[in-house]
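Some notes on the structure that comes next.
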Amino acid sequence: MARAPSSGLGQDFVVKAQVMDASDVRRALVRIAHEIVERNKGIDDLVIVGIRTRGAPLAERVASAIVSFEGGDVPSGALDVSLYRDDVALRSPRNLETTTIPTDIDGRVVVVVDDVLYTGRTIRAAFDALLDLGRPRAIRLAVLVDRGHRELPIRADFVGKNLPTAAEEVVRVLVEEIDGEDAVLIGEGKP
């Protein structure tokens with residue numbers, strides 16, 4: 001593996017291991033893109049939506065990969081689920097980001113993309129947010145990393161890497177668009 005990245009990490013985060021580098025992330029996203037097209041039997045009625053913050057650029061990459069090998073148009077957007085979370089009162093406030101869904105989602109297959117699937121609470125919030133925007137024919141879930149420890153009965157349809165972790169460990173995904181590099185790290189402390 002490459003060196004352990006340091007950009008975009010909080011001061012309290014101590015890296016124990018780098019489990020994916022930039023080429024691993026790229027391969028995982030391309031594989032997920034192929035699996036989405038195969039399961040959907042093409043790109044008809046497909047919409048890709050990333051959960052802000054790091055799921056949004058991953059969704060853009062998945063959509064771009066699909067367009068590169070399928071042609072056509074695959075709308076992609078970003079979803080801010082902050083106000084739909086069940087722990088809004090427990091978290092420190094953060095700036096709301098824009099939700100951008102480029103097309104009507106009624107009757108379409110919406111693939112929600114996120115960086116890490118952990119308890120399932122962020123995904124539940126994303127489902128609620130999407131259902132306020134329309135009535136998709138189906139909602140699928142794609143994640144770069146599934147680390148286990150679910151608190152809600154949610155599972156991903158498309159997974160880049162299954163990464164068993166201890167509950168006290170932290171999984172941090174770095175993306176080029178935000179952090180200046182792509183990597184998946186396991187560590188301790190605050191990400």
Side-chain angles (χ1 to χ4, degrees), residues 19-81 99-103 105 107-131 133-165 171-178 182-186:
V19 294
M20 293 177 82
D21 62 18
S23 61
D24 297 326
V25 170
R26 182 189 51 76
R27 280 192 302 273
L29 294 175
V30 169
R31 181 174 37 79
I32 286 170
H34 282 280
E35 290 173 0
I36 289 169
V37 171
E38 183 177 329
R39 173 130 183 225
N40 198 57
K41 297 179 177 42
I43 61 171
D44 293 339
D45 296 326
L46 187 62
V47 179
I48 310 291
V49 176
I51 298 175
R52 293 205 186 265
T53 296
R54 287 172 178 77
L58 297 177
E60 285 290 327
R61 292 191 214 174
V62 168
S64 293
I66 292 171
V67 168
S68 75
F69 59 79
E70 284 291 309
D73 181 38
V74 179
S76 66
L79 191 63
D80 185 348
V81 302
T99 291
T100 54
I101 308 296
T103 187
I105 62 171
R108 301 189 77 162
V109 175
V110 177
V111 178
V112 175
V113 179
D114 203 9
D115 57 349
V116 178
L117 176 56
Y118 183 34
T119 63
R121 293 182 181 278
T122 299
I123 305 307
R124 188 224 30 97
F127 292 167
D128 288 348
L130 278 174
L131 294 174
L133 297 172
R135 190 173 190 283
R137 182 173 79 233
I139 300 174
R140 309 263 187 258
L141 176 60
V143 296
L144 182 60
V145 175
D146 184 345
R147 64 168 293 189
H149 302 282
R150 219 71 80 239
E151 294 175 3
L152 298 174
I154 291 174
R155 69 166 183 80
D157 299 285
F158 313 102
V159 178
K161 183 170 188 70
N162 285 296
L163 186 62
T165 60
V171 174
R172 178 67 195 265
V173 173
L174 302 177
V175 295
E176 178 74 33
E177 297 86 342
I178 296 168
D182 288 335
V184 177
L185 311 170
I186 293 180

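Keep in mind that what you see is a predicted model, and the values were worked out from it rather than measured.
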Separation between [atom1] of [X] and [atom2] of [Y], rounded to the nearest 0.5 Å:
X	Y	atom1	atom2	result
Ile32	Asp157	CD1	CG	11.0 Å
Arg52	Thr100	CZ	OG1	5.0 Å
Asp114	Arg54	CG	CZ	11.0 Å

With side chains defined as the heavy atoms from C-beta onward, is the minimum distance between [X] and [Y] less than 4.5 Å?
X	Y	result
Leu133	Thr99	yes
Glu177	Thr53	no
Glu176	Arg26	no

- request: I would like to know whether Asp115 and Val175 meet side-chain contact (heavy atoms from CB on, under 4.5 Å); could you show each step before the answer?
  value: CA-CA 9 Å; Asp115 57 349; Val175 295; 6.0 Å; no

field: Residues forming a side-chain hydrogen bond (donor to acceptor under 3.5 Å, both in side chains) with Thr119, sequence neighbours excluded
entry: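 Per chain and number, Thr119 pairs via side-chain hydrogen bond (donor to acceptor under 3.5 Å, both in side chains) with no residue.
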
Counting distance only, does the side-chain N/O of [X] pair as donor-acceptor with the main-chain N or O of [Y] below 3.5 Å?
X	Y	result
Asp24	Ala28	no
Arg121	Leu152	no
Asp128	Ala125	no
Thr165	Arg147	yes

For [X] against [Y], the heavy-atom pair lying closest together:
X	Y	answer
Asn162	Pro164	O-CD, 3.6 Å
Asp44	Asn40	O-ND2, 3.2 Å
Ala56	Ala78	CB-CB, 3.8 Å

- prompt: Can Ile48 and Arg61 be said to form a side-chain contact (heavy atoms from CB on, under 4.5 Å), step by step?
  reply: CA-CA 10 Å; Ile48 310 291; Arg61 292 191 214 174; over 6 Å; no

query: What residue among Leu79, Val143, Leu58 forms side chain to side chain contact (heavy atoms under 4.5 Å, CB included) with Val113?
result: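 So, applying the side chain to side chain contact (heavy atoms under 4.5 Å, CB included) to Val113 and each of Leu79, Val143, Leu58, only Leu58 qualifies.
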
- request: I would like to know whether Ile123 and Val81 meet side-chain contact (heavy atoms from CB on, under 4.5 Å); could you show each step before the answer?
  value: CA-CA 9 Å; Ile123 305 307; Val81 302; over 6 Å; no

field: Neighbour count >12 (heavy atoms, 6.0 Å) for atom CD, Glu151
entry: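 More than 12 within 6.0 Å, yes.
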
Please tabulate, for side-chain N and O atoms in residues 134-142, each donor-acceptor pair with protein atoms closer than 3.5 Å (sequence neighbours left out).
from: Arg137; atom 1: NH1; to: Gly107; atom 2: O; distance (Å): 3.4

message: Does Arg150 form a side-chain contact (heavy atoms from CB on, under 4.5 Å) with Leu117? I'd like the steps, not just the answer.
response: CA-CA 8 Å; Arg150 219 71 80 239; Leu117 176 56; 3.4 Å; yes

Throw together a table of side-chain donor-acceptor distances under 3.5 angstrom for residues 62-75, partners on residues two or more places apart or in other chains.
from: Ser64; atom 1: OG; to: Glu60; atom 2: O; distance (Å): 3.0
from: Ser68; atom 1: OG; to: Ala65; atom 2: O; distance (Å): 2.6

